[in-house]
Amino acid sequence: MADYTPQDLDRKWQQRWASSRAFEVVADPSRPKFYCLEMFAYPSGHAHVGHVRNYIIGDVMARLKRMLGYNVLHPFGWDAFGLPAENAAIKSGIHPETSTRGNIAHMKGQLQRLGISYAWERELATCDPEYYKWNQWLFIRMFEKGLAYRRRSSVNWCPSCRTVLANEQVVDGGCWRCGTSVETRDLEQWFFRITAYADELLESTATLTKWPEKVLTMQRNWIGRSEGARVKFLLEGTPGAPIEVFTTRIDTIYGATFVLLAPEHPLVADLAAASPDPASFRQQVQAFRLQDRAARMSGEAEKQGFDTGVRVVNPFTGEAVPVWVANFVLGEYGTGAVMAVPAHDQRDFEFARKFGLPIRVVVTPDGQPSDAASLDEAADAYGTLVGSGEYSGLPSAEAQTRMIADARTKGIGEGTVQFRLKDWGISRQRYWGTPIPMIYCDTDGIVPVPDDQLPVVLPTIAEFTGRGDSPLAQVPEFVNVACPTCGRPARRETDTMDTFVDSSWYFYRFADPRNDRMPFDPAAVQYWLPVDFYSGGVEHAILHLIYSRFFARVFRDLGLVDHGEPFTQLLTQGMVLKDGAVMSKSKGNVVDPDSMLQKYGADALRLYVMFVAPPEKEVEWTDTGLEGSFRFLARVWRLVDHWCETIDGEGIDSPDLCVNLTAAERSLRRKTHDTIRRVTVDIEQRQQLNTAVSAMMELVNELYAFSEGTITGGPSHRTDEDVEHAGQTERRETVCVVRESVEALVRMLAPFAPHTAEELWAALGHEAGLAAATWPTFRADVARADELVIPVQVNGKVRGRLTVPAEIADAELEALALADTGVQAHTAGKTVRKVVVAKGRLVSIVVA
RNA sequence: GCGGAAGUGGCGGAAUUGGCAGACGCGCUAGCCUCAGGAGCUAGUUCCCGCAAGGGAGUGAAGGUUCGAGUCCUUUCUUCCGCACCA
C-alpha cells in the first residue's frame with residue numbers, strides 16, 4: 001500500500017458513491033426505516049466548519065444506521081428564500097435568484113467534498129416553484145379552515161426609504177440603510193392561527209422524551225400558559241362596553257385601586273375623543289407609541305402614564321377607580337387592560353408610588369391586616385385575604401376559585417386561560433419569498449387563487465431599489481388579475497410569506513420531493529416520518545421547531561399525516577468558535593473547510609470535529625487538534641498496511657475456533673469486543689461521538705502494542721499451524737484475532753472517516769465495499785474478562801490490588817483482601833469494623 | 001428578576017448504575033530511529049514532599065448523607081444560554 005494521501009481517496013470514493021447512487025433510497029415497508037435529518041441550510045455562500053459540524057454529526061448517525069441494516073433516508077436541501085439575498089440585491093444589483101443559485105452550487109460542492117452521504121436526488125430548494133407551489137396550496141387549505149386570516153397589525157416603517165423594514169433591518173431603532181428613526185405603521189396582514197393549537201403544543205412537549213430539556217423548557221415558556229380570569233369593569237356614569245381586564249390574581253381584586261390601559265387599547269381613541277382636551281390626550285398616547293419598542297418592553301424604561309379622567313367601577317367592591325393609560329401595558333397580551341393592585345404587584349406598586357395613587361393591602365401572610373405605608377415593595381406572595389368583604393380569611397388559592405365562580409354567576413367575569421404565544425404573522429413586504437396566493441376583488445372580496453392556477457409564480461424583477469412598499473406591488477402585470485369568481489379586474493396580494501413557512505414542512509417533502517399532484521404522497525410520509533433523528537442549532541429551539549410542530553398538526557387535521565410530532569429525537573449541536581468568538585465573515589475568524597480538506601482530507605476534518613467535544617457543546621477550533629486526527633488516521637493506515645497481506649486470505653477461521661489463545665490474544669479480543677460495545681452505544685444511544693472516537697483510538701493503541709509483541713517478540717508463541725503469508729509467519733490464532741480486530745476497527749471507523757475506511761476495507765480484500773458491510777457484532781462472552789484487578793480500600797484509601805478470577809465469591813474476595821500484605825500494613829493493630837464488597841469492583845475495609 | 005445548563009490538569013475533554021479521578025487527544029519532556037526532523041516508534045506528564053520506594057492533597061467554595069461522593073442533598077460563588085413590565 002502507498003502512503004496515506006487522503007485527497008486522492010476523497011475524490012475516488014466520492015465518485016464511486018455518486019456513480020453507484022449509494023445513498024439513494026426507496027420506501028420499503030419490509031425494512032425498518034431511519035429518517036436522519038440535519039436542518040437544511042440557508043445558502044449564504046460558504047459553509048464554514050461551524051455549519052459543517054452539524055452535517056457531520058448527522059452523517060455519522062446515517063452511516064451507522066445503514067450498516068446496522070436500516071433503510072436510511074438522509075436528504076438535504078436549501079432554505080433558499082430570505083432577506084439577505086434581497087438586501088444584497090438592493091446593494092449590489094445582483095438578482096436574488098442568481099446569487100442564491102450560485103451559492104447553492106458552491107455549498108453543495110463543499111458538502112460533497114466532505115463526503116456527507118446525502119440522497120442528492122431528493123435535493124430541493126424552497127425558491128423552486130415546484131416547492132413553493134405547495135406553500136400556496138397549504139395556505140389556501142388553511143384559509144378554508146379558518147387557520148389563515150387577515151387583520152391589521154403594525155410593521156416597522158422607514159419614513160425616508162418609504163419602505164417596510166423587517167425586524168432584522170432595524171438596527172438600534174434606525175433603518176439599516178439610512179439610519180432614520182423607525183416608526184410603526186398598521187397594515188392588513190395575514191396570520192396563522194397557531195394559538196388554536198397552543199394547549200396541544202404545550203401538553204405534547206411531555207411526549208418529546210428524546211428532546212433536550214432545555215428546548216422543551218424554552219418552548220413551554222414561549223407558549224406561556226397562564227390561568228386567570230377576565231373581569232369586567234363598567235364605566236362610571238356612561239353606558240357602553242365595559243373595560244375587561246385579565247388577571248392571574250383575582251384574589252387581590254379588593255386592592256385594585258386603578259385600572260391601566262395599553263396605549264393600543266381600542267377604547268383609548270374613544271376616551272381621547274370624549275376628553276376635554278383631545279389633542280393633548282392623543283399627543284400623550286402617541287408619545288408612548290413612538291417609544292422604542294424594545295425599550296418600552298424591556299422593563300428598564302421609566303414607567304409613564306396619565307389619567308384619562310374616566311372612572312370605572314370595581315365589580316367586587318362597587319368602588320369607582322380611575323383609569324390611566326400606561327406605557328408598560330402590552331396591547332397584544334390579554335385584553336390590553338389590567339387592574340392595578342399596587343400592594344401586590346411590583347409594577348403597579350412603582351406606578352402608584354410615582355403618581356400618588358392609593359395602595360391597599362388585601363393579602364397578608366397571617367391574615368392580620370397590615371398597613372400599606374410600611375411596604376417598600378409589592379408583596380406578591382400568596383397568603384390570606386384581609387379587607388376583602390366576604391372573602392376575608394380565605395387563602396389566596398381558594399379565594400380565586402370562589403371569586404371566579406361568583407363572577408361567573410353575576411356575569412361580571414369568568415375564569416380563562418391566557419397564552420403568551422401569539423398568532424403567527426406571516427406577511428412580509430418583501431420580494432424574495434413565496435407569493436401569498438390571494439386575490440382582492442371589489443365584488444367578491446378575498447378570493448383564493450384556484451388550485452389549478454398554482455403556483456403563483458414570483459415574477460422576475462429587474463431592479464431592486466429598496467424603496468416603496470412591497471416590491472411586487474410595483475409589478476403591474478403581476479398585480480392586475482381577473483377575479484377567479486366574477487372575472488372582473490382584481491388585484492393580487494403583493495406580500496410574500498415568512499420564510500419560516502417554507503421550513504415548517506420541508507421534511508415532509510423530502511419523503512416525496514417530486515410529487516406534482518400533492519405536497520407529498522401520504523403513503524410515503526407514512527413510511528418515512530416522523531424524522532427519527534433531527535439535528536441543528538439551538539437558535540431554532542423556538543420558532544422553527546414550534547412552527548414545524550404546528551404544521552404537523554395542520555397536516556394531521558387535513559388528513560395527510562397520522563402523527564402529531566414530526567421529530568422523534570432532537571439534537572442541538574454547539575457552535576464552533578475561533579479565538580473565543582462565533583465564526584463570522586465580519587470578524588474574519590472563519591475557518592474554511594476547503595483549505596482544511598486540501599491539507600488533511602475530509603476524514604481528518606470529520607474525525608476531529610467529532611472528537612473534540614460532545615456534539616451539544618460549543619468547541620474552540622484548533623489546527624493542532626485537526627493534525628492529531630490526521631495522525632490517528634495515518635496510524636490506522638500504517639496498521640492496516642502492516643497487517644493486511646497477512647490477514648487477507650482464504651481459510652482464515654473465526655477466532656472462536658481457536659482454542660489455545662495466548663493471554664495477549666485473549667486480551668486483544670476482549671478489547672476488540674469491548675470497543676464494539678462502547679462505540680455502538682456511544683453513537684447510537686448516547687450521541688457521545690467524542691468518546692466513540694476515543695474508544696477506537698484505544699483499540700488502535702492496543703493493536704500497536706500487540707503488533708510489536710508478535711512481530712518482534714520472537715518464535716516463542718509459534719506452533720505448527722502457523723500461517724505462511726507474504727513472507728510473514730504468524731500463528732494461525734494471531735492472524736484470526738488480529739483480523740477480527742482490524743476488520744471491526746475499519747468498519748467502526750467508517751461513519752467517521754468513510755473514505756479512508758472504504759480504502760482500507762478494500763485493502764483487506766472486501767471487494768464489495770462498505771455498502772455491503774455490516775456493523776460489527778458485540779459478543780459479551782468474548783468481552784468478559786476472566787481475571788479482574790480489584791482495588792482494596794482501607795478507610796477510603798486504596799492500599800492494595802488483588803488479581804482474582806472474575807467469578808470469585810464475595811467471601812473469598814474478602815478473605816484475600818484482609819490477607820493482602822499492603823492492606824495489612826494499614827489494618828495491623830486495629831479493629832476491622834466493617835468490610836464492604838462491591839461485586840467485581842472493589843473491596844472497602846473500615847478500621848478503627 | 002425568572003428559567004435552564006455548566007464549573008474536573010497547561011489546553012479540549014473522560015469517568016455509562018454512588019465504587020481505582022484525569023480515559024482519549026493536544027501540548028510538553030526524554031530516549032530510539034534518522035543526513036535531517038515540524039515524520040515515525042517507545043516511555044513519561046494533576047499538584048506538593050521524596051533519589052526512589054512511598055506519602056500527602058485534589059473535581060469552583062462551605063457543610064451534609066454514605067464503608068465510599070466529580071456523581072446524591074443543603075447553602076453559596078462564578079460563567080454561559082434562554083426569556084424578560086405577559087398583569
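Computed from a predicted structure; not experimentally measured. Chain identifiers are assigned alphabetically (A, B, ...) following the order of the sequence lines, protein sequences preceding nucleic acid strands; residue numbering begins at 1 within each chain.
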A:R638 bridged to A:D641 by N-O distance under 4.0 Å: no

N-O pairing of A:R678 and A:D682 below 4.0 Å: no

Within the 4.0 Å heavy-atom criterion, would you say [X] contacts the bases, only the backbone, or no part of the nucleic acid?
X: A:R801; answer: base
X: A:G796; answer: nothing
X: A:S844; answer: base

For A:T252 and A:Y382, does a side-chain donor sit closer than 3.5 Å to a side-chain acceptor? no

Glycosidic conformation of B:G9, syn or anti, with 90° from 0 as the boundary? syn

Using the six-membered ring of A:F328, assess whether NZ or CZ of A:K303 lies under 6.0 Å from its centre and within 45 degrees of the ring axis. yes

Test: A:R420 cationic atom under 6.0 Å from A:Y333 six-membered ring centre, within 45° of axis: no

So which protein N/O to nucleotides 4-14 of chain B N/O distances come out below 3.5 Å?
from, atom 1, to, atom 2, distance (Å)
B:G12, O2', A:V612, O, 2.9
B:G13, O3', A:N690, ND2, 3.4
B:A14, OP1, A:N690, ND2, 3.1

Nearest to side-chain heavy atoms of [X], which nucleotide of [options]:
X: A:N701; options: B:U16, B:G25, B:A87; result: B:G25
X: A:R638; options: B:C24, B:G40, B:A84; result: B:G40
X: A:R631; options: B:G56, B:C67, B:G27; result: B:G27
X: A:V836; options: B:C41, B:U17, B:C67; result: B:C67

Taking only the C1' atom of each, what is the distance from B:C32 to B:G37 in whole angstrom? 14 Å

Rounded distance in Å between the C1' positions of B:U29 and B:C35: 25 Å

Counting only side-chain N and O atoms of A:R799, is one of them less than 4.0 Å from OP1 or OP2 of B:G55? yes

